[in-house]
Amino acid sequence: MSESVKILAIESSCDETAAAVVENGRRVLSDVISTQVPVHRLYGGVVPEIASRRHLEMIRPVCEEALREAGLTLADIDAIAVTHGPGLVGALLVGVSYAKALAFAANKPLIAVHHWQAHMAAAQIEHDPPYPYLSLIVSGSHSGIALMDEQGCHIIGESHDDAAGEAFDKIARALGLPYPGGPEIEKAGKSGRADYVEFPRAELENPYDFSFSGLKSAVLNYLNQRQMKGDPLRDEEVPHIAASAEEAICDVLSAKTVAAAKAYGIRHIVLCGGVAANSRLRAMLQKRAARIGAEVLWPSLRYCTDNAVMVGAAAYRQYVDKDFAPLSLNAMPRLPLPHKAK
Ligand code: KG4
Ligand code: ZN
């Protein structure tokens, strides 16, 4: 194997068309993201059909820009990596088909990357957390806690229903805030009182599992009851509800993760996925982790939300293991992460 492994990585699972060239899983040679957020914001959420069409328009220019920014041609690339699931099927298909075509045309190995593993690998781009460590993955489509060691990734807790980001987005929508809701809730909540309403925290049989649908329903019920009493929520109360909901989500995520760190004797916690951008969550997790002597790390903002650098970081490990995908690779909208994944 050559000492320098350059991977062209592609991400198109939701509403960002992204491509990057990453060397040896860490050195970022290029990082291109074409976001569709302004288009979907008009509709209050991601419209799958529009997402696929935009990916189709952008995939080629984005991949070409990634190669140009890296000062390379396809011939210099050692492998093509792509997110093959989970995500929106039509969106995934664009990246998967393009990656397969490139791999076939240039005769390069193809690497299929699981989207959550890519989010977890984002932490390794700028940091080097020593094994074993805990990963708290919180995105728009998944919430879970994974124990990471030399053998791979072991899921020890997951969401039974809505993901944390999904809860943020749905609550924001109910409050009339634009998509994506997480950053809007954070912004609105900064001037709100987190103790305005005590929203429920779900306790489950596995203490490291999550459930956010009850919280979402509690917020909707609160708003409906106010409406029915003839006392609808006033604009000046939106920051208070945003802060109270944010508090409930961050409280549950941080308490469960730190409890797991304590139980497993872990000293390092890595926060990843789009919700890792939330400063309340970072602060709460850091404060609670400090009490048990654990350190919390997170990727830069750019690597928290969807990007292709994290796909290149995850793919490097698979390249080393010669874990290549066949050209029959398909998009997998629902792709569970095995409870023990390499
Ligand atoms: O990881 P990501 O970019 O895409 C998925 O794989 O789903 O995560 C997007 C999610 C959205 O639900 C968005 O509302 C949430 O991350 N998010 C945030 C913040 N920034 C993004 N949630 C809370 N606070 C934020 N600052
Ligand atoms: Zn994601």
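Only heavy atoms go into these numbers, but all of them, side chains included; no hydrogens, no water, no symmetry mates. Just so you know, ligand 1 is whichever comes first in the structure, and atom 1 is the first atom listed for that ligand.
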Test item: side-chain donor near acceptor, [X] and [Y], under 3.5 Å:
| X | Y | value |
| --- | --- | --- |
| Asp161 | Ser211 | yes |
| Glu11 | Ser13 | yes |
| Asn278 | Glu246 | yes |
| Asp306 | His115 | yes |
| His160 | Asp209 | yes |
| Glu237 | Tyr196 | yes |

Worksheet entry | contact_flag His115 ligand 1 heavy-atom lt 4.0 Å | yes
Item to complete: Would you check whether Ser141 reaches within less than 4.0 Å of ligand 1, judged by its heavy atoms?
Response: yes
In ligand 1, which numbered atoms sit nearer than 4.0 Å to a non-hydrogen atom of [X]?
| X | value |
| --- | --- |
| Ala277 | 20 (N), 26 (N) |
| Thr305 | 3 (O) |
| Asp169 | 11 (C), 12 (O), 13 (C), 14 (O) |

Practice prompt. Quick one: list whatever passes salt bridge (Lys or Arg N to Asp or Glu O under 4.0 Å) with Arg288, sequence neighbours left out.
Written response: Asp251
With nothing but distance in play, are any N or O atoms of [X] less than 3.5 Å from an N or O of ligand 1?
| X | result |
| --- | --- |
| Gly182 | yes |
| Gly274 | yes |
| Gly165 | yes |
| Asp306 | yes |

Fill in: Inter- and intrachain pairs under salt bridge (charged side-chain N to carboxylate O under 4.0 Å, His left out), touching residues 108-122, at least two apart
none
Worksheet item: When you look at Tyr319 and Phe324, which way does the ring pair (Phe, Tyr, Trp, His ring centres under 6.0 Å) test go after all the steps?
Response: CA-CA 7 Å; Tyr319 184 93; Phe324 299 128; 5.7 Å; yes
Worksheet item: Given Glu246, Glu186, Arg280, Glu11, which one has a non-hydrogen atom that is nearest to atom 26 (N) of ligand 1?
Response: Glu186
Worksheet item: Any idea which of Gly181, Gly140, Ser279, Pro183 brings a heavy atom closest to atom 9 (C) of ligand 1?
Response: Gly140
Practice prompt. Assess whether side-chain contact (heavy atoms from CB on, under 4.5 Å) is satisfied between Met332 and Leu92, documenting all intermediate values.
Written response: CA-CA 8 Å; Met332 306 291 282; Leu92 288 163; 5.8 Å; no
Item to complete: Can you pull out the closest protein heavy atom to atom 24 (N) of ligand 1? Residue, atom name and distance to 0.1 Å, please.
Response: Asn278 ND2, 3.0 Å
Item to complete: Please report which non-hydrogen protein atom sits nearest to atom 15 (C) of ligand 1, along with the residue it belongs to and the distance in Å to one decimal place.
Response: Val275 CG2, 3.9 Å
Fill in: Remaining members of hydrophobic cluster (4.5 Å side-chain criterion), Val47
Val39, Leu42, Tyr43, Ile50
Worksheet item: After noting the C-alpha distance and the side-chain angles of Ile7 and Asn24, does the key distance pass the side-chain contact (heavy atoms from CB on, under 4.5 Å) rule?
Response: CA-CA 8 Å; Ile7 295 179; Asn24 294 346; over 6 Å; no
Response to the item:
Within a strict 2.8 Å cut-off of the Zn ion (ligand 2), protein N/O/S atoms tallied 3
Worksheet item: Is the backbone N or O of Ser139 less than 3.5 Å from a side-chain atom of Ser143, with the two atoms forming a donor-acceptor pair by type?
Response: no
Fill in: Part of His142 with heavy atoms under 4.0 Å of ligand 1, whether side chain, backbone, both or neither
neither
